[in-house]
Amino acid sequence: MKKGKSGQQKMDHDLNQYLIREYEKLDSGMEQREFSETMRFLMMAKEKDFSDYYSKKSLMGREFYSVMDTLYGLNNLWMLSGFIRQNQQVLLRETQEGTEYRKKPDFTEICRIGKDTMLSRMFQVLGKFHLDEYVAEDTDYTIITRRVKAYAVTTGSGKTVPQIMLQGNWVKKWGFEAGSSVRVECFPNKLVILKE
């Protein structure tokens with residue numbers, strides 16, 4: 001029995017050392033934060049929530065909210081925001097089911113604030129709302145596609161990393177002038193660039 005316990009401790013120690021080495025290989029604080037939060041979720045989530053998070057199937061409301069509660073409980077806002085975005089169809093489906101009996105939803109149905117406050121909040125929210133982030137499948141929408149290549153570049157430390165360059169008048173045409181601040185939202189096989 002004693003031998004088994006020390007074997008478990010050695011395995012835990014080796015695993016921890018491996019994760020520390022992988023963590024230290026990362027170049028940026030953003031990558032390290034994502035790695036830390038992903039590992040914390042891996043270690044602490046229930047098997048069902050872990051499977052549902054990485055599942056490609058369409059989640060039901062109960063499964064969706066269980067994963068959300070786990071991520072929120074871990075204060076893992078990094079993975080939570082990505083999970084909500086990837087599973088927004090659950091929320092859209094709930095909204096649609098709740099308004100099925102009407103032609104248009106009544107957004108003021110439970111509004112209990114004054115007109116000035118409501119208008120102030122509305123402009124603040126709509127100012128940050130990107131209509132192009134969700135396009136319904138039946139919408140007639142043309143997507144302009146630009147194809148670029150990921151190149152290899154060597155960092156100061158001698159490590160080779162991928163680099164994607166976006167340049168040309170077309171970048172400015174879509175609202176990204178020289179000097180613009182941008183943020184990149186990262187998903188498996190997908191990078192979304194948004195102007196700050």
Side-chain angles (χ1 to χ4, degrees), residues 1-101 105 107 109-110 112 121 124-125 128-139 150 159 161-162 164 182-194 196:
M1 185 120 180
K2 202 170 190 180
K3 190 176 182 182
K5 193 170 186 183
S6 65
Q8 179 66 40
Q9 288 173 341
K10 180 176 178 351
M11 189 177 83
D12 290 348
H13 174 76
D14 291 347
L15 176 61
N16 191 50
Q17 291 304 308
Y18 169 76
L19 292 175
I20 289 171
R21 284 194 302 274
E22 292 301 307
Y23 175 84
E24 289 172 345
K25 288 180 189 175
L26 300 172
D27 291 327
S28 69
M30 185 180 292
E31 289 175 321
Q32 289 177 338
R33 177 185 168 195
E34 183 178 6
F35 182 85
S36 297
E37 293 198 7
T38 303
M39 287 303 110
R40 205 153 43 98
F41 178 69
L42 181 149
M43 302 288 187
M44 301 182 77
K46 295 176 194 163
E47 183 63 33
K48 177 85 169 94
D49 289 339
F50 183 83
S51 298
D52 286 341
Y53 180 87
Y54 288 102
S55 172
K56 299 293 182 198
K57 67 173 186 164
S58 180
L59 298 180
M60 303 309 296
R62 183 174 58 253
E63 297 165 331
F64 173 75
Y65 286 112
S66 179
V67 175
M68 273 188 55
D69 288 345
T70 299
L71 291 168
Y72 187 76
L74 292 171
N75 198 26
N76 194 334
L77 304 182
W78 183 279
M79 290 177 72
L80 179 63
S81 62
F83 179 72
I84 291 171
R85 180 181 291 278
Q86 288 172 352
N87 292 278
Q88 62 185 333
Q89 76 280 357
V90 176
L91 299 174
L92 292 167
R93 189 169 59 233
E94 282 189 8
T95 303
Q96 186 178 11
E97 287 169 2
T99 57
E100 243 174 23
Y101 60 93
F107 292 105
E109 186 176 358
I110 57 169
R112 296 189 179 90
R121 289 183 183 181
Q124 187 175 350
V125 170
K128 295 179 180 178
F129 192 84
H130 302 288
L131 293 175
D132 58 343
E133 286 186 3
Y134 172 75
V135 179
E137 289 177 11
D138 59 350
T139 302
K159 185 177 178 182
V161 296
I164 299 173
V182 299
R183 78 173 187 273
V184 181
E185 295 182 352
C186 306
F187 307 96
N189 300 313
K190 180 178 179 181
L191 299 175
V192 179
I193 302 172
L194 300 167
E196 289 278 56

Let me confirm one number: the CD1-CE distance from Ile84 to Met79, rounded to the nearest 0.5 Å.
12.5 Å
N-O pairing of Glu22 and Lys25 below 4.0 Å:
yes
In this structure, CD of Glu34 is separated from CG of Asn76 (nearest 0.5 Å) by 10.0 Å
Audit row: Asp52, Lys57, side chain to side chain contact (heavy atoms under 4.5 Å, CB included) steps and yes/no:
CA-CA 8 Å; Asp52 286 341; Lys57 67 173 186 164; 4.0 Å; yes
Full working for salt bridge (Lys or Arg N to Asp or Glu O under 4.0 Å) between Lys190 and Glu185:
CA-CA 8 Å; Lys190 180 178 179 181; Glu185 295 182 352; over 6 Å; no
Which residue is it: Tyr72, Phe83, Trp78, Tyr53? I am looking for the one with a ring-ring contact (aromatic ring centres under 6.0 Å, His included) to Phe41.
Tyr53
Do any N or O atoms from the side chain of Glu31 and from the backbone of Asp27 form a donor-acceptor pair under 3.5 angstrom?
yes
Are Leu42 and Thr38 packed together at the side-chain level, in the sense that at least one heavy-atom pair is separated by less than 4.5 angstrom?
no
Approximate separation, where rounding is to 0.5 Å, of Phe50 CZ and Met44 CE:
14.0 Å
Just wondering, more than 12 heavy atoms not from Tyr18 lying within 6.0 Å of its OH?
no
Nearest 0.5 Å, what's the CZ-NZ distance between Arg62 and Lys48?
8.0 Å
Is a side-chain N or O of Arg40 found less than 3.5 angstrom from the main chain of Leu74, in a donor-acceptor match?
yes
Gln89 vs Ser58, test: side chain to side chain contact (heavy atoms under 4.5 Å, CB included). Steps then yes/no.
CA-CA 8 Å; Gln89 76 280 357; Ser58 180; 4.2 Å; yes
From CA spacing to verdict: side chain to side chain contact (heavy atoms under 4.5 Å, CB included), Ile164, Leu191:
CA-CA 11 Å; Ile164 299 173; Leu191 299 175; 4.2 Å; yes
May I ask you to test the Asn75-Leu77 pair for a side-chain heavy-atom distance under 4.5 Å?
yes
Using 30° and 60° as the class limits, which term best fits the ring planes of Tyr23 and Phe35: parallel, tilted or perpendicular?
tilted
Decide yes or no on side chain to side chain contact (heavy atoms under 4.5 Å, CB included) for Val67 and Asp69, but give the supporting numbers first.
CA-CA 5 Å; Val67 175; Asp69 288 345; over 6 Å; no
Taking the side chain as every heavy atom from C-beta outward, state whether Leu19 and Gln17 have any atom pair closer than 4.5 Å.
no
Considering residues, nucleotides and ligands other than Met39, do more than 12 of their heavy atoms fall under 6.0 Å from its CE?
yes
